[in-house]
Structure formats: structure tokens, C-alpha cells
Amino acid sequence: MASVIIVEDDPWMADCYTTWLTATGHAVRHARDSQGALDLLEDLPPQVILLDLFLPHANATQLLHTLQSYADWAHIPVILCSSALPENLPSLEAYGVCKIANKASLTPKLLNQWVGELAHATI
Amino acid sequence: MLTSGLHATLNSMKGNQKQPQQKGQAALAAAAHELKSPLTLVQHIAHTLGDTTLPLTDAERAQYLARLQFTSSRMLRLVEQLATSYRLENPDHQLAFQFPLEPLNIIEVCEVAAHELSPYAREYGQEIIVHRRQNSQLVIANRDILHDVIINLADNALRHNPREGHVLLSARTRGNHVRLSVRDQGFGVLPGEFAHLQNTIGTRPQPFSGRSGTSGLGLYVAGQFAAAMGGNVGVGRARQGGHFFVDLMRSKQLSFL
């Protein structure tokens, strides 16, 4: 089972993801913004990060850049998601983004599958 | 009640604006974005409630259902406001309507709106406080339209407030106007960002850097509705948090309201 940080400013959306992931035994923590995510990372780096693209103030790309600045965070796989994915989103593999999803396509089964795959790959 | 002639006069005081077609397209784009997020949330909640492998308690199930109801209501309200917005922008349209203006106690309308949003404020772990002064503050407005303006501003505040925060509604007289302030403890909005909302609406999914997840459409519609009543919506000064206000014409009528 994996440790996951959800970075999502909508608490009700985050609750859905938390419910989906904890049901299969994953340990989930939630941050509403980039700074909150960094605080959680400093406490204990997760195995997977679920990251909303649009966040208050510092958006996801700034957080991704910060993650790459630290050796012990740079390898953490990221699932990037949004309700409004830009059409011209550049490749973010260099920033640790392994999956990009339109939130509308996320289901409990799919999210758990991805988290399981990505966590297993980091072991 | 004021005549429809005054309504037409107030409508003509909006100043230079985009061409109707451009504004309509921008509003359409903003509406599409604004509805995507809550619809996605509705879908996620449906997945959560429908997945029998997820161990939900009765209390959790009830909470998800309440969120489903509120999110659906929010979307319906937006759609109705968009219809009203269209009619305001197209007075020659066959579905155009005239709305009566009358002296109203603005705090009483606030209390109705606060009561409507209270269950959802509790869901967010927050409180809506309406500051009532000794003297009534009467404004010239349409009750339904004013209600929508207040709901939009207060709902916006709730969504961007931290947990355990509160939303404060207060009114005070400023010359010939009454200013209703809606304050929260979330990230503030820069006056410049709000001033450009008319041009940025529908062109980007996040017009306010500190407030994500909103296209600004609710605020844009609130501004449009306020203008239709001869008023305006703006960003006020705040040491911390967000501060939106709506200025409306003060009624000098003696009242027992």
C-alpha cells in the first residue's frame, strides 16, 4: 500500500479521492495549496503525488519545479489532473509527471490502479 | 415601484463595453469552465456513492448526498443567472423582461441569503455572519437580482476561505450609496485583476492568481446584475483576506422595513 499526497484546493474533490484511496489501504494526506504540499513533503515524502493543475497562488508547474530542485523529492511520481486541461500542455516527464488526466475520466478503480503502478515502480 | 423607463435609463448607464457577440462568446466560454468543475465533482460523488466496495458509514453517505445537492443547486443557480444575464444584455430580445426596482432593506436580503448558504457553510467548517446595524439601510434594488448578487459574493467567499473561517456581510452608507461588503480570510484578489475581469472572462481558466478553480463568472454576473440596478461590484481594501463590495443607490424613502 502506498503513501499519497493529494494537492487539491477543492476539499470536496479531495475527500472523494481520499475515500477512493483509503478504501484500498493507501495512506493519504491532503494539502490545499503548494505551500501546504511542501510542508507535508518535509514531514515525510510520499510515494505518489496527485496534483491539481490549477492551485491558489503558486500553480502546479511551480511546485513541480520545486520538487525537481531536491534530490530526495525529484523521483516522486506525479499524477497531474485538471477539469480544464490546456490543449497545448507541454511534456512534463522531466518534472516527474507520469500520468496526466482530465478529472472527468478519473474513477476509483483507475486512480487506485495508477497509484498502485507508480508506487510499485518506485520500490 | 420605479417605472420601466428608469430601468431603461439605468441600463444605459453601463458605459463602453464589448460588443454583445464578443461578450456572449466570452461568457459562454466562462460558463463552460465554471460548470466543468462542479459537474466533475458531481460525477466523482456519484462514483463514490455508487461504488459498493467503498466502505462508507451512514454519516459519510449523508454528507456526500448533501454535497451533491448543494453542488447541483449551485449549477442550477448559475444556469438561471446566465439566462437572466442574457436577457439583460439583449433588451430587444423577445424574452427580454423588465424587473421592478423598490426600496429594500439590504441586511434583510443578506440574512435570507446567509440562511440559504448556512448549511453549506457548515459543510466547509465555516460561518456566515451578517452584521446588523441599528438603523435600516435601504437601497433601490430588485429583490431577486440583489439576492443573486449577494449569493454569488458570499458563495465565492465560502469557497476560498480556509476551514474554520467566516464570511462577514456588513453594510454602511456612503453618500448616495449603500456599500455592502463581503469579507473572507482567503487569498485576496488584486483590484487590477478584478478590473480586468470584463476583458479576461472566458479567456483563461484562472483569472485570479490567488483564487483557483473559478472562472470569475459568478463575480462577473454579480457585477452585471449590480450595474443593471445602477450599482457596481468591486474589490475593497483588506489587510488580510478577500473583500468584495457592491454599491447600490440609497433609498431616501422613510421606511418601517
Any salt bridge linking B:Asp155 with B:Arg77? Criterion: basic side-chain nitrogen under 4.0 Å from a carboxylate oxygen. yes
Is A:Lys109 paired with B:Asp51 through a side-chain N to carboxylate O contact shorter than 4.0 Å? no
Measuring heavy-atom distances to chain B, does A:Asp15 have an atom under 4.5 Å in its side chain, in its backbone, in both, or in neither? both
Would B:Ser73 and B:Tyr120 count as having a side-chain donor-acceptor pair, cut-off 3.5 Å? no
Between A:Pro108, A:Ser82, A:Cys16, A:Ala23, the one whose heavy-atom pairs under 4.5 Å with chain B are most numerous: A:Cys16
Hey, which of A:Thr22, A:Leu106, A:Asn102, A:Asp10 has the most heavy atom pairs under 4.5 Å with chain B? A:Leu106
Does the plane of the ring in B:His47 sit parallel, tilted or perpendicular to the ring in B:His44? Use 30° and 60° as the thresholds. tilted
Bottom line for B:Leu56: the part with an atom under 4.5 Å from chain A's heavy atoms is side chain
